[in-house]
Amino acid sequence: DEFHMVMAESFHPYKDSSNLEPAKANAAEMARVAEKWASAALPEKVNNDETKASLAQLKSDAAAFTQIVQSGDTTKIGESLTSLHDLFHKLQESWYDSGKEHGHKH
């Protein structure tokens with residue numbers, strides 16, 4: 001949830017109006033929260049290799065994102081932010097879908 005808040009604050013201004021400033025401002029925080037989440041104890045339902053791999057990926061991507069932000073390359077920053085966002089959504093789905101029927105994908 002903590003990661004979700006930082007991600008929402010970062011991603012939506014970019015998606016809605018190509019504003020990368022919030023994402024740049026939040027990059028370090030995002031990396032910190034991703035790292036915290038990756039090292040947290042996982043609930044049993046998502047305590048599997050796939051989730052662990054996704055969290056490890058999120059952690060390294062968020063760390064890489066802080067570097068990309070410092071480069072000032074807006075195209076790269078946008079791409080990195082988008083892939084972080086997609087990965088996060090994949091994680092969120094496995095988190096909330098586990099134990100439920102895998103019906104529709106949005």
Side-chain angles (χ1 to χ4, degrees):
D1 289 338
E2 203 178 355
F3 188 85
H4 187 203
M5 279 172 22
V6 185
M7 174 51 85
E9 280 174 14
S10 306
F11 186 70
H12 292 288
Y14 168 66
K15 195 181 73 164
D16 299 339
S17 52
S18 301
N19 177 9
L20 281 169
E21 292 312 312
K24 291 181 190 173
N26 285 331
E29 176 70 358
M30 227 186 300
R32 189 186 67 75
V33 177
E35 190 170 342
K36 189 171 133 187
W37 190 15
S39 58
L42 294 174
E44 185 133 338
K45 60 177 187 170
V46 287
N47 194 356
N48 56 48
D49 291 341
E50 192 189 347
T51 304
K52 286 176 183 163
S54 294
L55 279 171
Q57 178 81 46
L58 189 74
K59 181 175 126 175
S60 64
D61 285 4
F65 181 65
T66 60
Q67 300 298 308
I68 293 167
V69 161
Q70 286 166 4
S71 77
D73 183 330
T74 49
T75 309
K76 280 209 178 91
I77 294 170
E79 284 168 4
S80 176
L81 180 61
T82 303
S83 67
L84 259 177
H85 182 260
D86 292 347
L87 178 60
F88 169 68
H89 267 279
K90 195 181 107 183
L91 262 165
Q92 211 179 18
E93 275 180 24
S94 63
W95 207 271
Y96 294 118
D97 286 355
S98 47
K100 278 191 266 173
E101 284 304 306
H102 286 273
H104 60 284
K105 283 269 172 273
H106 43 264

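- Under the 4.5 Å side-chain heavy-atom criterion for Ile, Leu, Val, Met, Phe, Trp and Tyr, Met30 and Trp95 are members of the same hydrophobic cluster.
- Here the closest heavy-atom approach between residue Ala62 and residue Leu84 is recorded as N-CD2, 3.8 Å.
- The pair Glu79-Lys76 does not meet the salt-bridge criterion, since no charged nitrogen lies less than 4.0 angstrom from a carboxylate oxygen.
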Could you tabulate the donor-acceptor pairs under 3.5 Å formed by side-chain atoms of residues 64-72, not counting sequence neighbours?
residue : atom : partner : partner atom : Å
Thr66   : OG1  : Ala63   : O            : 2.5
Ser71   : OG   : Ile68   : O            : 2.5
Ser71   : OG   : Asp73   : N            : 3.2

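- The side-chain heavy atoms of Tyr14 and Ile77, taken from C-beta on, include no pair separated by under 4.5 Å.
- Within 6.0 Å of CD in Gln92 there are more than 12 heavy atoms belonging to other residues, nucleotides or ligands.
- In this view, Lys36 and Glu2 satisfy the salt bridge (Lys or Arg N to Asp or Glu O under 4.0 Å) rule, not counting sequence neighbours.
- Minimum heavy-atom separation, Ser10 to Ala23: CB-CA, 3.7 Å.
- Minimum heavy-atom separation, Pro22 to Glu9: CB-O, 3.3 Å.
- Aromatic ring orientation, Phe3 versus Trp37: tilted (interplanar angle from 30° to 60°).
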Evaluate the criterion side-chain contact (heavy atoms from CB on, under 4.5 Å) for residue pair Asp61 and Ser80; output intermediate values, then yes/no. CA-CA 8 Å; Asp61 285 4; Ser80 176; over 6 Å; no
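- Atom CG of Asp49 has 12 or fewer neighbouring heavy atoms from other residues, nucleotides or ligands inside a 6.0 Å radius.
- No side-chain heavy atom of Pro43 sits under 4.5 Å from any side-chain heavy atom of Asn47.
- There is a path of hydrophobic side-chain contacts, each under 4.5 Å, that joins Leu42 to Leu91.
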Using the side-chain contact (heavy atoms from CB on, under 4.5 Å) rule, take Met7 and Leu81 through it: C-alpha gap first, then chi angles, then the decisive distance, then the call. CA-CA 9 Å; Met7 174 51 85; Leu81 180 61; 4.2 Å; yes
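- Side-chain contact between Phe11 and Asn26: absent, with no pair of heavy atoms (C-beta onward) separated by less than 4.5 Å.
- By the ring-ring contact (aromatic ring centres under 6.0 Å, His included) test, His12 pairs with no residue at all, sequence neighbours left out.
- Using a 4.0 Å cut-off between charged nitrogen and carboxylate oxygen, Glu21 and Lys24 count as a salt-bridge pair.
- Of all heavy-atom pairs spanning Asp1 and Tyr96, the tightest one is OD1-OH, 3.6 Å.
- Residues Thr51 and Ser94 come closest through the heavy atom pair OG1-OG, 4.3 Å.
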